Amino acid sequence: MKTITLPLTINNEDKEITINSVYCIGYAGRNIEKTMEHIDELEKIGVPRPAEIPTLYPVRRNSLNQTEEIEVLGGESSGEAEIVLIFGDSDDDVYITVGSDHTDRSLETIDINQSKQICDKPLAHKAWKLNDVIDHWDDLILTSQVYIDGHWQDYQMAKIDAIIPLDDIKAFLNKKNISMRNCVIFSGTVPLLEGFKYGSGFKMAFIDNVRNDEIRAEYAITRLDLEA
């Protein structure tokens with residue numbers, strides 16, 4: 001199996017992490033009623049209900065994208081700001097950043113896993129050591145905005161206590177026999193403010209008010225079918 005290296009900036013120091021595998025965890029809401037509301041929201045656009053909750057999706061390694069642009073086909077793809085856990089070579093070599101589980105919503109109605117595969121997964125260059133934030137995990141905030149018709153519109157904003165706790169994430173991965181060494185896990189998202197929106201740009205942020213720090217990333221969404 002070929003590996004890739006993921007460049008990160010941690011405490012102003014550049015570091016490269018070897019990555020063997022990438023996964024997305026879907027339907028990871030802590031409040032089961034809210035999770036079912038999200039499933040109902042997806043079902044309205046034709047997405048079938050999952051066989052289990054949470055759900056694990058393998059993702060191609062070369063989908064990780066830090067170029068600030070992704071290329072898509074069609075006008076029905078959208079991002080979601082997510083907790084991204086990055087596991088390195090040892091138990092102490094664990095980091096957290098913000099990424100986007102960008103998904104083709106039209107393909108999602110046919111095959112959810114294929115819809116995950118077809119879109120790149122943007123993520124930030126900056127990351128935090130997990131040990132630096134673990135004691136106030138639930139106070140971390142995820143936000144996102146979508147660029148539509150020349151304006152940024154708020155898309156998500158919530159504390160990550162809306163997502164299953166870190167110990168539950170790890171327990172779920174262990175249940176699935178996933179090795180967390182040299183692995184990237186898109187570990188869940190917070191609710192949308194007003195349902196799905198499709199635009200030409202996406203901003204996302206991880207905000208740590210306890211340490212007065214934040215991680216921000218932005219990417220353009222280029223539609224190949226509109227290019228001459």
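Everything numeric here is computed off the predicted structure, so don't read it as measured data.
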Check: Would one find more than 12 heavy atoms of other residues, nucleotides or ligands at under 6.0 Å from atom CG of Asp91?
Finding: no
Note to self: Would you say that Lys126 contacts Arg216 through its side chain, given a criterion of any heavy-atom pair below 4.5 Å between the two side chains?
What the structure shows: no
Note to self: We want to know whether Asp92 and Ser90 form a side-chain donor-acceptor pair, criterion being a heavy-atom distance below 3.5 angstrom.
What the structure shows: no
Note to self: Pairing donors with acceptors under 3.5 angstrom, does anything connect the side chains of His136 and Asn209?
What the structure shows: no
Item checked: For Tyr219, the option from His102, Glu68, Gln66 that meets side-chain hydrogen bond (donor to acceptor under 3.5 Å, both in side chains) -> His102
Margin query: When you measure from the side chain of Thr67 to the backbone of Asn65, do you find a donor-acceptor pair of N or O atoms at a distance under 3.5 Å?
Written below: no
Next item on the list: Say whether, by atom type as modelled, one donor and one acceptor occur between the side chain of Lys116 and the main chain of Asp101 under 3.5 angstrom.
Entry: no
Note to self: Checking the side chain of Thr189 only, and the main-chain atoms of Glu82 only, is there a donor and an acceptor separated by less than 3.5 Å?
What the structure shows: no
Notebook entry, point to check: In the hydrophobic cluster built from side-chain contacts under 4.5 Å, what are the other members alongside Ile17?
Noted result: Ile4, Leu6, Leu8, Ile10, Ile19, Val22, Val59, Leu64, Val84, Ile86, Tyr95, Leu123, Val184, Phe186
Next item on the list: Take Lys15 and Asp93 through the side chain to side chain contact (heavy atoms under 4.5 Å, CB included) test and state the conclusion after the steps.
Entry: CA-CA 11 Å; Lys15 187 177 180 68; Asp93 197 22; 3.4 Å; yes
Notebook entry, point to check: If you count the non-hydrogen atoms of other residues, nucleotides and ligands that lie under 6.0 Å from CG in Asn212, is the total more than 12?
Noted result: no
Check: Can you check whether Asp89's main-chain N or O pairs, donor with acceptor, with Arg181's side chain at less than 3.5 Å?
Finding: yes
Notebook entry, point to check: Among Lys197, Gln145, Glu194, which residue meets the side-chain hydrogen bond (donor to acceptor under 3.5 Å, both in side chains) test with Gln153?
Noted result: Lys197
Item checked: Residues which pass side-chain hydrogen bond (donor to acceptor under 3.5 Å, both in side chains) with Glu52, listed by chain and number, not counting sequence neighbours -> Lys176
Next item on the list: Using only heavy-atom distances, determine whether the side chains of Ser63 and Asp120 contain a donor-acceptor pair under 3.5 Å.
Entry: no
Margin query: Among residues at least two apart in sequence or on other chains, which ones pass ring pair (Phe, Tyr, Trp, His ring centres under 6.0 Å) with Tyr147?
Written below: Trp152
Item checked: Trp128: which of Asn11, Ile134, Leu140 passes side-chain contact (heavy atoms from CB on, under 4.5 Å) -> Leu140
Notebook entry, point to check: Got Thr103 and Glu80 here, is their nearest side-chain heavy-atom distance under 4.5 Å?
Noted result: no
Margin query: Between Phe87 and Leu56, is there shared hydrophobic-cluster membership here, with clusters defined by ILVMFWY side-chain heavy atoms closer than 4.5 Å?
Written below: yes
Checklist line | Donor-acceptor pair, side chain of Arg30 and main chain of Asp161, under 3.5 angstrom | finding: yes
Notebook entry, point to check: With distance as the sole test, does Asp208 use its side chain to make a donor-acceptor pair with the main-chain N or O of Asp213 at under 3.5 Å?
Noted result: no
